[in-house]
Every structure is written in C-alpha cells, then in structure tokens.
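In what follows, a single structure is set out as structure tokens and then discussed.
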Number of protein chains: 2
Amino acid sequence: MPRTSTKGAAAAARVEPAYRLEDQVGFLLRRAYQRASSNLVERIGQYDLTAPQFATLARIHERGTLSQNLLGRLVAMEPANIRDVVLRLKKRRLVMTQRDPDDGRLILVSLTPSGTSLVSELLPIEIECTAKTLAGLNANEKRLLYELLGRLADS
Amino acid sequence: MPRTSTKGAAAAARVEPAYRLEDQVGFLLRRAYQRASSNLVERIGQYDLTAPQFATLARIHERGTLSQNLLGRLVAMEPANIRDVVLRLKKRRLVMTQRDPDDGRLILVSLTPSGTSLVSELLPIEIECTAKTLAGLNANEKRLLYELLGRLADS
DNA sequence: TTTTGATTGTTATGATCATAACGATTGGCA
DNA sequence: TGCCAATCGTTATGATCATAACAATCAAAA
C-alpha cells in the first residue's frame, strides 16, 4: 500500500512518488482528444474529412487567401504536415494554390467554390459536435475547461 | 461585423452561429496534447521513447504480464496500434512476449529486466513533466482540469 | 553590390492513429 | 459432439504528427 507521507514512520524509507498513468495529463489529453475527434468523424465522416482537414478549411474560410506556412501556424501544424493536408484537399478540389507574385517563396492557399460551400455546410455541424463532446458539462464548467486548456496550450 | 443577437433589427436575418476554431474543444485538446507531449519528449527524448511508448511501459510495470489486447485497452490503443508499439519496444529489448499456454489466442507481454530498470528510472521524470505542463495552474485548477478531462474521456 | 541570415517550402524517415477485412482460437450451446 | 459467436491478433490502407536536412527566395547589412 503506497504512502505519500508518513509521520514518525521509518524515517530512512525513501518515499516513491506515486505514479499512476491516469494522473499524467498527457494521457488524459490524448484520450479526451480521441473522444472529441471521434465525435467529429462520426458526424462529418461521410464527407471523408478528418478533424485536422476541417480545421484547415475553416481557417482558410475565416482568413481568406493566405500562405501555406502561415496557415500551418494558424492550425498548429508543422510545415511538412500542413503541406500534406493541403495536397489532399487540393486533390479533392476543395482548395487551390498559386505562387505569390510578390514573394516567390510563398504558396497562397484559398478555397475553391465547392470548398467554400462545403465549409459553410459543415460549420454548424462542428458546432454541434463540440456541444456533444461537452454535453456532460454545465456552462461554468465549459468556461473553466476552455480557460485551463487555453493556458496549457499557450504556455 | 458579426452579431449573435439583435433586437428589432432585420427580423428575417438568419443568425449564423458564430464559429471560431479556437472555440472547438477538439482543436484546444489537440494543441494542449501537443504541448504535454513535447514537454515529455524534451525530457525523455534522449532515451528515444515517445509518450505512447512510455505509457505502454508504465502500464506493464504497473500490471505485470498481461495480454497484448488488454494492454492496448489499458493505454487506449487499437489492436493494430498496440501491436506496432510492442514490436518497437521488443526490438529494443525493453519488452518480451510469449504465447499464453492456456489460450492460444493471447500474446503475453512483459518487461525485460532492462525494461523494468528503465521504467523505474523514468517514472519520476514523467511526474516532473506533468508538473511542468501544469505549472501555470494552482492546486484547485489542476483538480478541476483532471475531473473535467476525465469526464470528457469517459463519456 | 555582395554577402549573410531568415523565411518558406520540400524531402525523407519514423512513429501514431483509425478502420476494415481476415484467419485462428476459444468457449458456450444445441 | 458439432456448430457458432466472440475474442485476439494480423495485414493493409491512408491520415496525422515531429524532426532533420536541404534548396530557393527574400531582406537587410556590410
């Protein structure tokens, strides 16, 4: 039986800090993300869109044409990763790219008409998915969770 | 300028629910997990161990010999995924496997001596990593975060 | 003007993930 | 005993991830 603190017990005993996988925040975050992600795929999976793909589309929809690199930063993906996502979306004609005439390094990414219409259709659905994922929490708990997660992510 | 509620304004205007990627809990969870994971790799990366690999080792350390399938469930991995992780750990002689003599379907997984010693060495380090990830939160906030994440993951 | 450093994107490698289809084994049940 | 559903593990496919090394482009400084 593990003890984390004792008084007057064997003084020389080295107290191992209790380790439980369930207490590691990374493990909890991975499982919670699994849940959120599967909720989303459950609803928009028929469109063959993954959560990162949808996040990418939503960001372009919000910002308009922008460089692939900036897009990656805005959806928290490394350059190598956002490149692959853009390629897949491009193959499906949801997104199109062009070189920036003013800066030969940049690849400008924008939504195609069908990409725009798909995003518009799915935005409300993702809002519902988020609601479903948070269904067990009241308004105050949701607000707290957002604040705490935000602090973790931005730290 | 988006408005979520108006009074006496154009009554027929359909009010688009405001969508912001930052408000989608899946996006927040992904970013928070990125942070937690990179904190861990920062500390135990020299051992060439990833977060899921370490979770797997820790679970075997806690439970002792167990079947690959059960191990997967206990670390939230699909059978196909835990298989790959076990193969990699096996290749590095941190883990060993044997067929269950009583049930020919099962593959029993256990730690090797060097696996055991590595886990023992790294357990306190992961506890430190979790503390670092949560550094910006006070005790009450930590407790709340755990409870809310747990409810999300188990829902 | 030339050089130097920073930024952008690509390539390569390897690990995580989910899903579906499949064979082998087991255990219960007719 | 013989069948049958459930369980376990594997294979295959495709998408996410991080990291490192690299070329091209740009910008600022010498």
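The sequence lines fix the lettering, A, B, ..., with proteins before strands; numbering per chain opens at 1.
Closest heavy-atom contact between B:L28 and A:L149: CB-CD1, 4.1 Å. Closest approach of A:G136 and A:E141 over heavy atoms only: O-OE1, 4.1 Å.
Remark: C1' of D:dC8 and CD of B:Q98 are 16 Å apart, rounded to the nearest angstrom. Counting to the nearest Å, the P atom of C:dG9 and the CG atom of A:N69 are 5 Å from each other. The CG atom of A:L106 sits 13 Å away from the P atom of C:dT7 (whole-angstrom rounding). Rounding to whole angstrom units, CD1 of residue A:I82 and C1' of C:dT7 are separated by 17 Å.
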N/O donor-acceptor pairs under 3.5 Å from side chains in residues 79-96 of chain B, not counting sequence neighbours:
residue : atom : partner : partner atom : Å
B:K90   : NZ   : B:T97   : OG1          : 2.9
B:R92   : NH1  : B:D48   : O            : 2.6
B:R92   : NH2  : B:Y47   : O            : 2.7

Go through the steps to decide whether B:R59 and B:T56 satisfy the test side chain to side chain contact (heavy atoms under 4.5 Å, CB included), and finish with yes or no. CA-CA 5 Å; B:R59 199 57 107 181; B:T56 301; 5.8 Å; no

Please test B:E128 against B:K132 for salt bridge (charged side-chain N to carboxylate O under 4.0 Å, His left out), starting from the C-alpha separation and ending with a verdict. CA-CA 6 Å; B:E128 287 173 26; B:K132 180 183 176 188; over 6 Å; no

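Between B:R83 and the phosphate of D:dT11, there is a side-chain N or O to OP1/OP2 separation shorter than 4.0 Å.
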Nucleotide-resolved protein contact map, nucleotides 12-19 of chain C, B/S/- at heavy-atom distance under 4.0 Å: B--SBBBB

Every protein N/O within reach of nucleotides 23-27 of chain D N/O, cut-off under 3.5 Å:
residue : atom : partner : partner atom : Å
D:dT25  : O3'  : A:G104  : N            : 3.4
D:dC26  : OP1  : A:G104  : N            : 2.7

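Between A:D154 and B:R35 there is no salt bridge, since none of the side-chain N atoms of the basic residue sits less than 4.0 Å from a carboxylate O of the acidic one.
Here the CD1 atom belonging to B:I107 is positioned 4.5 Å from the CZ atom belonging to B:R99, to the nearest 0.5 angstrom.
Test A:V75, A:I44, A:L118, A:I125 against A:F54 for side-chain contact (heavy atoms from CB on, under 4.5 Å) and you get one pass: A:I44.
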